[in-house]
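Below, read A as the first sequence line, B as the second, and so on, with proteins coming before strands; counting in each chain starts at 1. All values below come from the heavy atoms of this structure, side chains included, with hydrogens, waters and symmetry mates left out.
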Amino acid sequence: MDANLIQILEDTATMLELAGENPFKARAYSSAAHILEEQQIDVFKSVKENTLRNVAGIGAGLREGITEYVHTGKFAEYERLLKEIPSGVLDMTRLRGLGAKKVRSLHIQLGVSSISELEQACRKDKLCDIKGFGKKSQETILKAIEMWRSSQGNFHQHKALMDAEAIVSFLKEQKGFKAAEIAGDLRRRAETVSELYIIAEGKSKEAGEVLKDQFELTEKNGILEGGHSPVFGIPFVVEITDRKNYVQRLHETTGSEEFLIAFRKQFGEDFLKKPFKNEEELYEFLKIPYIEPELRESADIIKLALQNKLPELIEPKHMRGMLHCHSTWSDGHNSIREMALGAKALGYEYFAICDHSRTASYAGGLTIERVKAQHEEVDKLNDEDLGIRILKGIESDILPDGDLDYPDAILKTFDIVVASVHSSFTQTRESQTARIIKALENPYTTILGHATGRILLSRAGFDVDIEAIIDTAAEFGKIIEINANPYRFDLSWQNAKYAKERGVRIAINPDAHAVAELELTNLGIGIARKAGLEKSDIVNTLSCDEFLKLVKK
DNA sequence: GCCGTTTTCGGCCCGACTGTTTTCAGTCG
């Protein structure tokens, strides 16, 4: 996968639309970008081994462009459009609710060429003059600009991790460095981050030179700053320290401000002067149990540590069941067999295929006939014995009135039903809450899928009383999902923490649409850990039989 | 630009929702 190329393809698609060219050509570019991302295709390897021709959705034209990109770093069609479309116009399409068509007409008719010019035009009531726009459009655009501004400078966790890990490995390869580690809120597994903070042990001078050359950083008292990460351009800082101070500095730059203030208030500052081998030793010295980085968020956790009541956090090795994945039966890229074998390769014992239900027609949702056909295939695969048990599941849309998407006679043929809202996001808080509560009361619902519908840095969730929903899940013994997709991470860790307090069990689900996405589960585990969840809180840790027993109840 | 057992042209995911209209275009999932 190459993040730059994915961005190039997406921007090319948008610019084709902005230029008023063939919209289907635009779609081909956009879908190629999704294919590369979802299937984690390494284009450099694919070009070298000539395997791009096997990828559905990438034909001769795109293959040529990608090959050129691999050899020269340039993509001809993208370069051509860049000359034609002002970058500010492309930026306007990043606003939610504004697509290429509207931006094109705003650009042509009002002459606005950037988000700030658009903002001015809205404030001066200019949009009312053009056909298709009115007062309300101006308001929604201004809101979208606000949302866009607040997300600027923030980055999704998986991108931050990818770049931070690359920087850490780079540092470790350099002679001047003995150790390097990710600190900051990324180490605490924040959902999104605005900066990477890296601690390195080394001789400030020579180490600094290496970094300055490579990343154009500037040094100030052993702290090198002003860098931008290699792929996503995330601001980053490298703090260089010596062996004696390494562990304290790692600790001091990991915890949240609230945590660190409370920590010093409790334990004084003497520990800062003592050298430690690792953080575990630091905690031993203070005579309290080790507080995992993900938990170093609030002051409360220190009290729990003092009372010896810290949770024993869920770990990847506890996981046995992979739930909520898609296949080529709906909008996934791999067959059920490939997905199940992918889960097996990651050490899982059972796998629930949960394709989209019939109302999600845009995603190839399954008609009743196709449900039956899929069940036959699952039976066959299980007869064949792939070494991993496959469960029959469905991701059923929660219809606008709270009903599930099939009659009971069909619903009862599934082992699990993940119920999710995919439409009608704008109901009032009361009716949205009632709708989801109704779905939870349905005896066939097993798991509530992405419970608030948020998309991080892009869309707030729908308006809903999430605590009332968690309370209802508690009452009816329903499971709620932590969606491990880093664009969603829904439930939030705070909501997941509340769910634990209410005794609601959590499923950690990758919502994978390709084999490569199965590993997203580990990011979801990070969120669960941040919420303080333990093995016993997570249904994926049950054996297949225990799990089925739980959901059949 | 992609795809193909009606294949080299002529289609291309489809329905809900929104804000604008007074029958529809654009956006989203």
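The backbone N or O of A:Arg358 sits less than 3.5 Å from a side-chain atom of A:Tyr406, completing a donor-acceptor pair. Judged purely by atom type and a 3.5 angstrom limit, A:Lys478 uses its side chain to pair as donor or acceptor with the backbone of A:Thr445. Side chain of A:His326 to backbone of A:Cys354: a donor-acceptor contact under 3.5 angstrom is found. One N or O on the side chain of A:Asn382 and one on the backbone of A:Ile390 form a donor-acceptor pair closer than 3.5 Å. In this structure a side-chain-to-backbone donor-acceptor pair under 3.5 Å is present from A:Thr14 to A:Glu10.
Looking at heavy-atom distances under 4.0 Å, A:Ala56 makes contact with sugar-phosphate atoms alone, never a base. If you check every strand for non-hydrogen atoms under 4.0 Å, A:Asp331 touches nothing. Counting non-hydrogen atoms under 4.0 angstrom, A:Ala26 reaches nothing in the nucleic acid.
Closest to the side chain of A:Arg27, out of B:dG1, B:dC12, B:dC17, is B:dC12. With B:dC2, B:dC3, B:dG19 as the candidates, the nucleotide lying closest to the side chain of A:Thr140 is B:dG19.
In this structure, A:Ser31 does not reach the B:dG1 phosphate: none of its side-chain N or O atoms is under 4.0 Å from OP1 or OP2. Here A:Ser424 reaches the OP1 or OP2 of B:dC17: one of its side-chain N or O atoms lies under 4.0 Å away.
B:dC9 and B:dG15 are spaced 28 Å apart, taking the C1' atom of each and rounding to whole Å. Spacing between B:dT7 and B:dC12 at atom C1', rounded to whole Å, works out to 15 Å. Look at the P atom in both B:dT21 and B:dG26: the space between them is 13 Å, to the nearest Å.
Remark: nothing in residues 508-519 of chain A comes within less than 4.0 Å of DNA chain B through any heavy atom.
A straight line from CG of A:Leu106 to C1' of B:dG19 spans 14 Å, rounded to a whole angstrom. Distance, A:Phe462 CZ to B:dC17 P: 14 Å, rounded to whole Å. Taking atom CD1 of residue A:Ile130 and atom P of nucleotide B:dT21, one finds them 11 Å apart after rounding to whole Å. Atom-to-atom, NZ of A:Lys136 to C1' of B:dT21 comes out at 16 Å; the value is rounded to the nearest Å. The CG atom of A:Leu81 sits 13 Å away from the C1' atom of B:dG1 (whole-angstrom rounding). Atom C1' of nucleotide B:dG1 and atom CG of A:Leu52 are separated by 15 Å, given to the nearest angstrom. Following rounding to the nearest Å, A:Arg63 (CZ) and B:dC3 (C1') show an atom-to-atom distance of 13 Å. A straight line from CG of A:Leu36 to P of B:dC2 spans 12 Å, rounded to a whole angstrom.
Nearest-nucleotide assignment on DNA chain B puts the 5′-proximal partner with A:Pro400, out of A:Pro400 and A:Lys135. Comparing A:Gln138 and A:Gly57 by the nucleotide of DNA chain B whose heavy atom lies nearest to each, the residue mapping closer to the 5' end is A:Gly57.
Counting only residues at least two apart or on different chains, the side-chain hydrogen bond (donor to acceptor under 3.5 Å, both in side chains) pairs with a member in residues 56-73 of chain A are A:Asp2-A:Tyr69.
Side-chain contact check for A:Pro86 versus A:His107: some heavy-atom pair is nearer than 4.5 Å.
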> Reading nucleotides 24-29 of chain B from the 5' end, what letters show protein touch, with B for base, S for backbone sugar-phosphate only, - for no heavy atom under 4.0 Å?
Replying inline: --SSSB
> Passes side chain to side chain contact (heavy atoms under 4.5 Å, CB included), A:Glu481 versus A:Arg488? Steps please.
Replying inline: CA-CA 11 Å; A:Glu481 162 185 287; A:Arg488 294 182 173 272; over 6 Å; no
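Of the residues A:Gln374, A:Glu338, A:Glu377, the one that meets the side-chain contact (heavy atoms from CB on, under 4.5 Å) test with A:Ser327 is A:Gln374. When each of A:Asp405, A:Leu448, A:Thr359, A:Asn442 is checked for a side-chain contact (heavy atoms from CB on, under 4.5 Å) with A:Ile398, only A:Leu448 meets the rule.
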